[in-house]
Protein chains: 2
Amino acid sequence: MSIEKVARLAGVSTATVSRVLNGYEGVRPATRDRVLAAIAAIQYQPNLLARQLRTSRSRMLLVLVSNIINPFCSRVVRGIEAEAEAHGYHILLCNSDSQTQRESAYLTLLSGKVVDGVITMDAVSNLPGLRQMIGDSPWVQCAEGNPESEGSSVTIDNQQAAREAIAHLTQRGRQRIAMINGDPRYLYAQQREKGYRAALAERNVKWAAVEYANEVECEAGYAAMERLLARGQRPDAVFAVSDVLAVGAIHCARQHQLRIPEDIAMLGFDGLPWSAMLSPPLSTLEQPMHQLGVRSVQLLLQRIKDPHAPHVHEQLNCKLVERASS
Amino acid sequence: MSIEKVARLAGVSTATVSRVLNGYEGVRPATRDRVLAAIAAIQYQPNLLARQLRTSRSRMLLVLVSNIINPFCSRVVRGIEAEAEAHGYHILLCNSDSQTQRESAYLTLLSGKVVDGVITMDAVSNLPGLRQMIGDSPWVQCAEGNPESEGSSVTIDNQQAAREAIAHLTQRGRQRIAMINGDPRYLYAQQREKGYRAALAERNVKWAAVEYANEVECEAGYAAMERLLARGQRPDAVFAVSDVLAVGAIHCARQHQLRIPEDIAMLGFDGLPWSAMLSPPLSTLEQPMHQLGVRSVQLLLQRIKDPHAPHVHEQLNCKLVERASS
DNA sequence: CTGTTAGCGCCTTCAG
DNA sequence: CTGAAGGCGCTAACAG
């Protein structure tokens with residue numbers, strides 16, 4: 001089942017078989033046909049591991065994501081995979097749950113030459129241990145990136161997005177805008193909160209309230225809303241950093257006999273398709289999810305091709321979609 | 001950066017280094033320490049490709065999924081990954097979009113020894129071409145499986161689940177139950193439709209209406225509902241094969257000034273967490289998503305360990321969750 | 001146009 | 001307890 005058997009059967013050398021396999025030009029049609037026939041005869045399948053070892057290129061990309069269950073993540077990953085496949089690359093998926101140990105287990109695949117590069121969608125850039133494991137291997141941070149760290153990144157302008165969110169809500173006359181944020185270990189969470197506070201400050205609004213959801217699941221959004229409502233003065237608007245969290249928050253508000261948007265306006269983030277189909281339809285900040293993935297791959301492949309290519313920090317635009325919830 | 005450098009630096013043979021690396025017993029502590037020191041000194045990282053080639057085991061599993069964006073899929077994949085990781089395996093993800101060509105591209109990784117086995121969540125068992133590529137490599141069908149095909153499978157009893165759905169709706173006094181089904185090339189869709197029709201027949205109900213969503217996205221659910229409402233007599237209940245489709249269907253019904261559940265009862269499928277937080281909360285058939293993934297990996301690893309282990313066809317239970325939408 | 005040869009980096013008998 | 005040597009299957013010079 002090796003290249004050698006094919007060679008023997010076709011009466012040629014292994015080199016020739018290899019040439020046929022890899023589509024080299026200089027092979028006489030007659031011999032090529034003999035080789036092809038031999039391949040078909042024994043149903044030969046090249047051993048890709050051997051090839052990868054020899055060429056030291058695996059055409060595989062590692063994708064480190066906090067949790068694929070987050071619909072935002074799965075859509076970005078879809079973009080990654082689509083673009084990777086278009087260039088003949090495959091992807092290896094790691095759900096880290098932000099556990100350093102799991103991430104480092106996967107990163108050995110990078111040093112172990114099993115993958116040619118890595119795209120991280122998790123808070124790794126501020127973890128020195130992981131940074132060191134990545135070394136100067138091809139690396140792109142996607143959606144969650146520190147522009148000041150080494151390595152390229154493709155993100156949105158989180159701070160700016162949060163400002164737009166607040167601008168929108170104040171414009172609609174809201175006075176007490178609360179925020180349901182994600183785990184503050186994430187840069188995106190830090191940046192959005194910074195934008196939120198800055199926007200309020202600019203408007204001389206002193207009322208602020210932030211609750212953190214420990215994961216991006218609607219139950220966590222519900223719980224955060226519960227805590228928000230348990231505080232003294234009730235907010236008249238909530239800015240959630242994910243549509244998923246917003247769903248939970250809306251449900252919680254309803255349980256408290258509050259009307260959306262009359263009593264509380266609600267604004268989500270991400271722009272998942274079903275946000276438009278909720279009742280009321282959810283206003284949200286739409287991220288270019290697919291494109292985030294696509295661009296990340298493009299930058300990564302560029303760097304794989306030329307390890308000395310400069311690092312790039314790209315920011316894609318997001319878009320406020322106004323609907324009935326705010 | 002190879003094992004040989006370590007050996008030279010430590011003044012031992014490559015064999016000894018290998019022994020240390022793989023935790024073999026019979027190495028004198030003194031030499032082991034020297035080796036460990038050398039490894040640390042040059043920051044040696046084993047080349048996993050070489051190891052995989054040599055041992056012909058990659059500890060990687062291929063997961064072929066139609067589309068990771070489907071929340072049902074991402075939750076199953078999460079289960080797969082969790083269990084795989086617990087056994088020291090990594091996973092390679094392929095979004096096939098049910099395109100035979102893409103699937104076969106990924107399956108070369110199986111014949112190419114890049115992965116030790118494959119879990120398919122897509123309609124492949126009835127595609128002879130792909131079946132042949134898999135050959136008798138370790139293979140488990142997850143969530144979408146043909147019990148009559150070779151290879152193991154872990155599924156739910158789709159037909160039975162559909163019967164329960166109809167039983168529930170008729171019990172609530174519904175007379176004209178329509179179905180929003182998935183792509184009929186999938187076995188799950190065929191089986192659920194069979195259950196739907198059988199349940200109606202048993203009750204001597206002649207009214208039936210089935211529309212197919214071309215993908216599992218809420219927009220497709222919306223479109224299917226639109227077609228359903230454009231038909232002559234309007235249904236008083238809809239059984240959708242996915243909560244995602246149900247969201248779209250509900251939205252469409254609302255646009256037509258129909259109330260849920262008064263005018264139309266709605267029943268979803270999968271049991272995604274946010275189905276409980278919609279308004280009204282969505283009744284649904286809850287699948288053991290995580291467990292489907294976990295069991296698949298267990299069966300697969302079993303078969304990798306012992307290629308002659310018998311094929312198993314397991315069915316996990318799903319559960320009707322009654323909420324306000326029906 | 002084709003064959004010979006030398007590894008890629010590792011593990012694993014088989015000797016000692 | 002340790003070393004020498006062979007080979008996993010493939011590609012890429014280098015000859016011819």
Side-chain angles (χ1 to χ4, degrees), chain A residues 1-39 41-60 88 108-116 137, chain B residues 1-39 41-60 88 108-116 137:
Chain A
M1 202 53 50
S2 68
I3 208 174
E4 204 185 329
K5 281 203 187 113
V6 177
R8 249 195 319 257
L9 189 57
V12 298
S13 74
T14 62
T16 300
V17 178
S18 176
R19 282 191 266 262
V20 172
L21 244 31
N22 294 291
Y24 275 69
E25 288 306 317
V27 179
R28 205 198 317 161
T31 35
R32 139 176 271 105
D33 288 346
R34 280 219 313 288
V35 171
L36 256 19
I39 286 174
I42 66 168
Q43 301 220 62
Y44 166 76
Q45 310 273 168
N47 182 315
L48 268 22
L49 281 180
R51 178 178 294 170
Q52 288 169 9
L53 174 60
R54 181 58 231 245
T55 60
S56 62
R57 262 174 63 265
S58 68
R59 292 191 153 272
M60 298 229 255
T108 59
L109 296 178
L110 187 60
S111 53
K113 309 292 181 190
V114 175
V115 298
D116 294 339
S137 302
Chain B
M1 204 52 50
S2 69
I3 209 174
E4 202 183 333
K5 280 200 188 118
V6 177
R8 254 198 312 261
L9 189 58
V12 297
S13 75
T14 61
T16 300
V17 178
S18 175
R19 283 190 267 261
V20 172
L21 244 32
N22 294 290
Y24 276 69
E25 288 305 317
V27 179
R28 209 194 318 159
T31 35
R32 140 176 270 106
D33 288 347
R34 280 220 313 287
V35 171
L36 255 21
I39 287 174
I42 66 169
Q43 302 219 61
Y44 166 74
Q45 311 273 171
N47 182 314
L48 269 21
L49 279 180
R51 179 178 291 171
Q52 288 170 9
L53 174 60
R54 182 58 231 246
T55 61
S56 61
R57 260 173 65 266
S58 68
R59 291 193 154 271
M60 298 229 255
T108 59
L109 297 178
L110 186 61
S111 53
K113 308 293 181 190
V114 174
V115 298
D116 294 340
S137 302

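Reminder, nothing fancy here: chain letters follow the sequence lines and each chain counts from 1.
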Chemist: Quick one: is B:Asn22 getting a side-chain N or O under 4.0 Å of the C:dC11 phosphate, OP1 or OP2?
Modeler: yes
Chemist: Could you tell me whether the side chain of A:Leu21 reaches within less than 4.5 Å of the side chain of A:Ile3, counting heavy atoms only?
Modeler: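 In contact.
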Chemist: Test for a donor-acceptor pair under 3.5 Å between the base of D:dG3 and the side chain of B:Arg19, counting only N and O atoms.
Modeler: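 Counting by modelled atom types and ignoring angles, a donor-acceptor contact under 3.5 Å is found here.
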Chemist: Could you tell me how far apart A:Arg8 (CZ) and C:dT4 (P) are, to the nearest whole angstrom?
Modeler: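 Nearest whole value for this atom pair: 13 Å.
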Chemist: Taking only the side-chain nitrogens and oxygens of A:Tyr24, find out if one of them lies under 4.0 Å from OP1 or OP2 of C:dT2.
Modeler: no
Chemist: How would you label the contact of A:Thr31 with the nucleic acid (heavy atoms, under 4.0 Å): base, sugar-phosphate, or nothing?
Modeler: sugar-phosphate
Chemist: Using a 4.0 Å heavy-atom cut-off across all strands, classify B:Gly112 as base, sugar-phosphate, or nothing.
Modeler: nothing
Chemist: Is there a side-chain polar atom (N or O) of A:Arg54 under 4.0 Å from OP1 or OP2 of D:dG9?
Modeler: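 Indeed not, no polar side-chain atom of A:Arg54 lies that close.
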Chemist: Starting from C1' on C:dC10, measure out to CG on B:Leu49 and report it in whole angstrom.
Modeler: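 Interatomic distance, CG of B:Leu49 to C1' of C:dC10: 11 Å.
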Chemist: Please report, rounded to the nearest Å, how far the P atom of D:dT11 is from the CD atom of A:Glu4.
Modeler: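 Roughly 14 Å, once rounded to whole Å.
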Chemist: If you apply the rule side-chain contact (heavy atoms from CB on, under 4.5 Å), what do you find for B:Val17 with B:Val20, and how did you get there?
Modeler: CA-CA 5 Å; B:Val17 178; B:Val20 172; 5.7 Å; no
Chemist: Nearest whole Å is fine: how far is D:dT11 P from A:Leu53 CG?
Modeler: 11 Å
Chemist: Is there side-chain contact between A:Asn22 and A:Arg51, with heavy atoms separated by less than 4.5 Å?
Modeler: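 SC-SC contact between A:Asn22 and A:Arg51 confirmed.
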Chemist: How many whole angstroms separate atom CD1 of A:Ile3 from atom P of D:dA12?
Modeler: 11 Å
Chemist: Give the minimum heavy-atom separation between B:Val114 and B:Ser58, together with the two atoms involved.
Modeler: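 In this case the closest contact between B:Val114 and B:Ser58 is O-OG, 2.8 Å.
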Chemist: If you find the nucleotide of DNA chain C closest to A:Pro29 and the one closest to A:Thr14, which residue's nucleotide is nearer the 5' end?
Modeler: A:Pro29
Chemist: If I take atom CZ in residue A:Arg57 and atom P in nucleotide D:dA12, what distance separates them, rounded to the nearest angstrom?
Modeler: 10 Å
Chemist: Using a cut-off of 4.0 Å on non-hydrogen atoms, how would the nucleic acid contact of A:Ser2 be classed: base, sugar-phosphate, or nothing?
Modeler: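 Sugar-phosphate contact only.
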Chemist: Measure CG/B:Asp33 against C1'/D:dC1 and give the value in whole Å, please.
Modeler: 15 Å
Chemist: What nucleotide, of C:dG9, D:dC10, C:dT12, holds the atom closest to the side chain of B:Asn47?
Modeler: C:dG9
Chemist: Can you find a pair of side-chain heavy atoms, one from B:Gln45 and one from A:Thr108, that are under 4.5 Å apart?
Modeler: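 The answer is no; the side chains never approach within 4.5 Å.
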Chemist: Identify which nucleotide among D:dA5, D:dG3, D:dC10 has an atom closest to any side-chain atom of A:Tyr44, counting heavy atoms from C-beta outward.
Modeler: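 Per side-chain heavy atoms of A:Tyr44, the pick is D:dC10.
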Chemist: Whether A:Thr16 contacts C:dG3 is assessed here as follows: a side-chain N or O lying under 4.0 Å from the phosphate OP1 or OP2. Is that the case?
Modeler: yes
Chemist: May I ask you to test the B:Leu109-B:Met60 pair for a side-chain heavy-atom distance under 4.5 Å?
Modeler: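 No, every pair of side-chain atoms sits at 4.5 Å or beyond.
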Chemist: Rounding to 10°, can you tell me the angle the first-five-pair axis of the helix from C:dC1-D:dG16 to C:dG16-D:dC1 makes with its last-five-pair axis?
Modeler: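 One end axis against the other gives 40°.
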Chemist: OP1, OP2 of C:dC11 versus side-chain N and O of B:Arg51: anything below 4.0 Å?
Modeler: yes
Chemist: Round to the nearest Å and state the distance from A:Leu48 atom CG to D:dT11 atom C1'.
Modeler: 13 Å
Chemist: What heavy-atom pair brings B:Tyr24 and B:Arg32 nearest, and what distance separates the two atoms?
Modeler: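 The pair with the smallest heavy-atom distance is O-NH2, 3.9 Å.
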Chemist: Going from OG1 on B:Thr31 to CG on B:Leu36, what distance comes out if it is rounded to the nearest 0.5 angstrom?
Modeler: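 Reported value, rounded in 0.5 Å steps: 10.5 Å.
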Chemist: Would you indicate which nucleotide in C:dC11, C:dT4, C:dG9 comes nearest to any side-chain atom of A:Ser13?
Modeler: C:dT4
